[in-house]
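Notes follow once the structure below has been shown.
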Amino acid sequence: MNEDPGVNTGIDAPSVDQAWELRVAAARGENTPISVAGWLRLSMRALALMALLIVCVPLHYGYRLLFYGSPFPMLFLRYSARICGARVKVEGTHLKRDVFYIANHISWMDILAMAGACGTAFVAKAELAQAPLVGWLASLNRTVFVKRENRMGVAEQINALKEALADNWAVTVFPEGTTTDGQSLLPFKTSMLSVLEPPPPGVLVQPVFLDYGAVAEWIGWIGEEGGLNNAKRVLARRGTFELRITFLEPFSPEDHRGRKAISLEARRMIEEALCEALGKPLRPFAHDVAPVRYSAQKTPQPSEDAQV
């Protein structure tokens, strides 16, 4: 074990065990104490984001006066992910238009990294819209925010998704219904795939695998943790981490009858990629997720990956 636990966990704590206690407490909804060094890192990253914002926003609106669309939200989100600590590596070839991405979901940083990599718009949980700064950044990229518990609003949400797909060349959904820990993969909620019944002409589905490696255990937004606490934890952590975005083989939704079949095929492909990356079978997720009718099977425990 490394003598300095912060090198592996990104958390300022005397030991890995104590760092993990803070991590589990955050999942219970407790506020995570931030060290003086952590507040300094958080402040420096916040200032860098503000400086990037001051540069990109006027350029974005100035560009929009002359042209339709703008490259600056994509550039802003790409460099925001880097400022927040992500070193994004893209594998595979992503389609550039008429594509419906289906991805696993670990963190709010997924949105920054994917938008920065391919310029996609998103469907994301409504709670993200309330996250300081991050929610506003996501809205710059025309994110469609949905309420997981709002079953009566599904039709309205589907219409918003159709508009986003018509207005953007690419749209991404996270059908797990929540963020996870990088060691699990929840059942996919298929209601947001209703836009593919029938599929718009020429639109393909491309599954996307997001891999944070062992760091996912430490930054994942899971359980009862609030968005503000998670943002503080991530921005205050030490060092950087690799985020690998793998664009898997696209397929035609017309080859799979209905949203459930499309969902099963996309999930199968992502699960295979995740198991290969982990080098072991998936583990059960440790928190209840009502939107996909998932019940936790065990209490959170430190994994082998969390203890290296």
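None of these values were measured; they are calculated from a predicted model.
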Please say yes or no: joined through hydrophobic side-chain contacts below 4.5 Å, possibly via intermediate residues, are Leu264 and Ile262 part of one cluster?
no
Side-chain donor-acceptor pairs of residues 44-54 under 3.5 Å, sequence neighbours excluded:
{"unit_1": "Arg45", "atom_1": "NE", "unit_2": "Ile83", "atom_2": "O", "d": "3.2"}
{"unit_1": "Arg45", "atom_1": "NH1", "unit_2": "Leu235", "atom_2": "O", "d": "2.8"}
{"unit_1": "Arg45", "atom_1": "NH1", "unit_2": "Arg237", "atom_2": "O", "d": "2.8"}
{"unit_1": "Arg45", "atom_1": "NH2", "unit_2": "Gly239", "atom_2": "O", "d": "3.0"}

When rounded to the nearest 0.5 Å, the distance separating CG of Asp211 from CD1 of Ile270 is 12.5 Å
Applying side chain to side chain donor-acceptor pair (under 3.5 Å) to Arg268 and not counting sequence neighbours gives Glu265, Glu272
Under the criterion side-chain contact (heavy atoms from CB on, under 4.5 Å), I'd like the reasoning laid out for Trp20 against Gln18: C-alpha separation, chi angles, the key distance, then a yes or no.
CA-CA 5 Å; Trp20 186 252; Gln18 288 176 292; over 6 Å; no
Scanning both residues in full, the closest heavy-atom pair of Gly38 with Ala236 reads O-CB, 3.4 Å
Closest non-hydrogen atoms of Val16 and Trp218, given as atom of the first, atom of the second and distance, are O-CH2, 4.2 Å
Quick note, side-chain hydrogen bond (donor to acceptor under 3.5 Å, both in side chains) partners involving residues 81-93, not counting sequence neighbours, are Lys89-Glu242, Glu91-Arg244
Here the gap from Leu95 atom CG to Thr120 atom OG1, rounded to the nearest 0.5 Å, amounts to 11.5 Å
query: Is Glu225 salt-bridged to Arg233, going by a charged N under 4.0 Å from an acidic O?
result: yes
d(Arg267 CZ, Leu186 CG) to nearest 0.5 Å is 7.5 Å
Given the options Thr172, Asp110, Thr179, His105 meets side-chain hydrogen bond (donor to acceptor under 3.5 Å, both in side chains) only with Asp110
Side-chain donor/acceptor of Gln206 to backbone N/O of Leu248, under 3.5 Å:
yes
Contacts satisfying ring pair (Phe, Tyr, Trp, His ring centres under 6.0 Å) that involve residues 249-279 (not counting sequence neighbours) are Phe251-His256
Rounding to 0.5 Å, atoms CH2 (Trp108) and CD1 (Ile219) come to a distance of 8.0 Å
Cluster overlap Phe72 with Phe67, hydrophobic side-chain contacts below 4.5 Å: yes
Here the salt bridge (charged side-chain N to carboxylate O under 4.0 Å, His left out) pairs for residues 247-263, sequence neighbours left out, are Glu197-Arg259
Hits for ring-ring contact (aromatic ring centres under 6.0 Å, His included) against Phe247, two or more places apart or cross-chain, chain-then-number order -> His94, Tyr101
CH2 (Trp221) and OG1 (Thr180) are apart, to the nearest 0.5 Å, by 13.0 Å
